[in-house]
Protein chains: 2
Amino acid sequence: MIEDLKLFSRLAGMTAPTDPAPSAVKSRLLDLMVALGTAHWQDYAATAAQHGLTSVQARLLAQVTAPVPMRGLAEQLGCDASNVTGIVDRLQARGLVVRESDERDRRVKNVVATDEGLATIQRIRAEMQATHTALDALTEDERVTLYALLERLRPGLENRD
Amino acid sequence: MIEDLKLFSRLAGMTAPTDPAPSAVKSRLLDLMVALGTAHWQDYAATAAQHGLTSVQARLLAQVTAPVPMRGLAEQLGCDASNVTGIVDRLQARGLVVRESDERDRRVKNVVATDEGLATIQRIRAEMQATHTALDALTEDERVTLYALLERLRPGLENRD
DNA sequence: CATGGATGCTTAAAGGCATCAAGTATTTGG
DNA sequence: CCAAATACTTGATGCCTTTAAGCATCCATG
């Protein structure tokens, strides 16, 4: 692991001047991000499954901290509005959310989390064992550094319509 | 952004001594990882979709650098073997992979990527625009640091059966 | 050698996710 | 007032996923 760090320091130095070819670090970093992203996602899905939820149901539920119209959920999830209908149907059938008609615009239905819904999503967050374990492997300072680096990655990743 | 780093350095210092309560950094880092993981995953799926592949199909294809038995693919994808049958069926229908009977054990069928399959997966990797853009926001040194940190996260995340 | 138990793969059924096209309310702007 | 836009739902189709069951092949033990 420490060898790895040295290896990449050398690689970094080698391509430093003008960085003409795509960096070897970048390529390997991409692989690593795919691998970790997948593993992390599976942790999320597995934890949600322990509460009888699919990952997309958990993701939707997490968005409902305040009343949200269906349309808004569709945008946040990056999927078709017709899709949200079914997901909310199933969450509602389990008593985790409720649909409320908007008074100002009667076309709109706002989704509201029930107490049980709020409790469930909080529990899922707390129970993501693999992710917690992984983060425990870092010192607090390292977490700060990681946070800062990931924060800088965010702008490039988020503006996908 | 730099303020953020200072903020978290302070937070880190505050919880330093014995770290009794769950760290605030850890909690925010978890949120960030969920957000970035999702965004990154969507980039992956969208890029694969441009080549008419689902994300799982792309993921499977990426595993087939050498002949792999169906069972091996199921383990690498973390899903049931019966699932792999259908995914390989569809990839095979598009001419991206081929099934070959293993000579030593005739129960086994090895999946082999065609030239077109190899080319496709390479193109998808190269075309993950959002991810590449995001990584370009970092300097080479920062990428090295990020790689080293993520590498340390891996053991905790990967040993999920 | 024979056979019973693994092992590798496939099929079928059932449920959820995703997109598209079409349909119903409701609002809004000319 | 009426046409277009908007919010949501429904239905069709296809893929993913799991479970249970089935077939072929291997292997270990008697």
Side-chain angles (χ1 to χ4, degrees), chain A residues 38 41-42 44-61 63-64 67-94 96-112 160-161, chain B residues 38 41-42 44-61 63-64 67-94 96-112 160-161:
Chain A
T38 302
W41 183 261
Q42 285 177 348
Y44 191 76
T47 308
Q50 289 173 2
H51 294 269
L53 297 183
T54 66
S55 51
V56 97
Q57 286 169 358
R59 225 169 107 213
L60 190 152
L61 192 51
Q63 307 282 359
V64 191
V68 199
M70 309 285 285
R71 185 88 184 87
L73 288 171
E75 276 164 18
Q76 287 174 313
L77 296 183
C79 70
D80 196 272
S82 67
N83 205 351
V84 176
T85 298
I87 300 170
V88 170
D89 278 351
R90 287 179 279 272
L91 285 175
Q92 189 162 16
R94 289 173 199 234
L96 301 179
V97 301
V98 176
R99 268 182 255 236
E100 291 182 351
S101 287
D102 190 299
E103 300 191 346
R104 305 178 141 214
D105 185 340
R106 284 182 305 178
R107 292 171 302 179
V108 173
K109 294 187 184 160
N110 291 305
V111 179
V112 186
R160 169 171 291 275
D161 311 333
Chain B
T38 302
W41 183 262
Q42 284 177 349
Y44 191 76
T47 309
Q50 289 172 2
H51 294 269
L53 297 183
T54 66
S55 50
V56 163
Q57 286 170 358
R59 225 168 107 212
L60 190 152
L61 192 51
Q63 308 281 0
V64 191
V68 198
M70 308 285 286
R71 185 85 184 90
L73 288 171
E75 276 164 19
Q76 288 174 315
L77 296 183
C79 70
D80 196 89
S82 67
N83 205 351
V84 176
T85 298
I87 300 171
V88 170
D89 279 350
R90 288 178 279 273
L91 285 175
Q92 188 162 16
R94 289 173 199 233
L96 301 180
V97 302
V98 175
R99 268 182 254 236
E100 290 181 352
S101 287
D102 191 299
E103 301 192 345
R104 304 176 140 218
D105 186 340
R106 284 181 306 177
R107 291 171 301 180
V108 173
K109 293 187 184 161
N110 291 306
V111 180
V112 186
R160 169 172 290 278
D161 312 332

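By convention in this document, chain letters (A, B, ...) are assigned in the order of the sequence lines, proteins followed by strands, and residues within each chain are numbered from 1. Being a predicted model, the structure only gives us computed values, none of them experimental.
Looking at the side chain of A/R107, the nearest of the listed nucleotides C/dT10, C/dG8, C/dA25 is C/dA25. The listed nucleotides are D/dT17, D/dC26, D/dT6; the one nearest the side chain of B/V56 is D/dT17.
Both B/G72 and A/R59 lie near DNA chain C, and the one whose nearest nucleotide falls closer to the 5' end is B/G72. With the nearest nucleotide of DNA chain D identified for both A/K109 and B/T54, A/K109 has the one nearer the 5' end.
Within 4.0 Å (heavy atoms only), B/D80 reaches at least one base atom of the nucleic acid. Using a 4.0 Å heavy-atom criterion, one finds that A/D105 contacts the sugar-phosphate atoms exclusively.
For C/dT26, its base never sits under 3.5 Å from the side chain of A/R106 at any donor and acceptor pair. Side chain B/S82 to base D/dT19: a donor-acceptor pair is found below 3.5 Å.
At least one side-chain nitrogen or oxygen of B/R99 sits closer than 4.0 Å to the OP1 or OP2 atom of C/dT10. Contact annotation: B/R90 side-chain N/O to D/dC16 OP1/OP2 distance is under 4.0 Å. Contact annotation: B/R71 reaches the phosphate of C/dG8 (side-chain N/O to OP1 or OP2, under 4.0 Å).
Summarising the geometry, the separation between CD on A/Q92 and P on D/dC8 is reported as 13 Å, rounded to the nearest angstrom. Nucleotide C/dT19 holds its C1' atom 15 Å from the CG atom of A/L77, rounded to whole Å. Atom C1' of nucleotide C/dT28 and atom CZ of A/R104 are separated by 16 Å, given to the nearest angstrom. B/D89 has its CG atom 13 Å from the P atom of C/dC9, to the nearest Å. When the P atom of D/dC16 is taken as reference, atom CG of B/L61 falls 13 Å away, rounded to whole Å. Distance A/L73 CG to C/dA18 C1': 16 Å, rounded to the nearest Å. Rounded to an integer number of Å, the gap from A/I87 CD1 to D/dC8 P is 14 Å. Residue B/E100 contributes atom CD, which lies 14 Å from atom P of C/dC9 at whole-angstrom precision.
Nearest heavy atom pair, residue B/V68 against residue B/Q76, reads CG1-OE1, 4.2 Å. Of all non-hydrogen atoms in B/S55 and B/Y44, the two that sit nearest each other are O-CE2, 3.8 Å.
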Only distances under 3.5 Å count here; give the side-chain donor-acceptor pairs of residues 77-87 of chain B to other protein atoms, sequence neighbours excluded, each with its distance to 0.1 Å.
from, atom 1, to, atom 2, distance (Å)
B/D80, OD2, B/S82, N, 2.9
B/D80, OD2, B/S82, OG, 2.8

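Listed for the B/R94 side chain is a donor-acceptor partner under 3.5 Å among the backbone atoms of B/G52.
Screening B/T54, B/L91, B/L53 for a side chain to side chain contact (heavy atoms under 4.5 Å, CB included) involving B/L60 leaves a single residue, B/L91.
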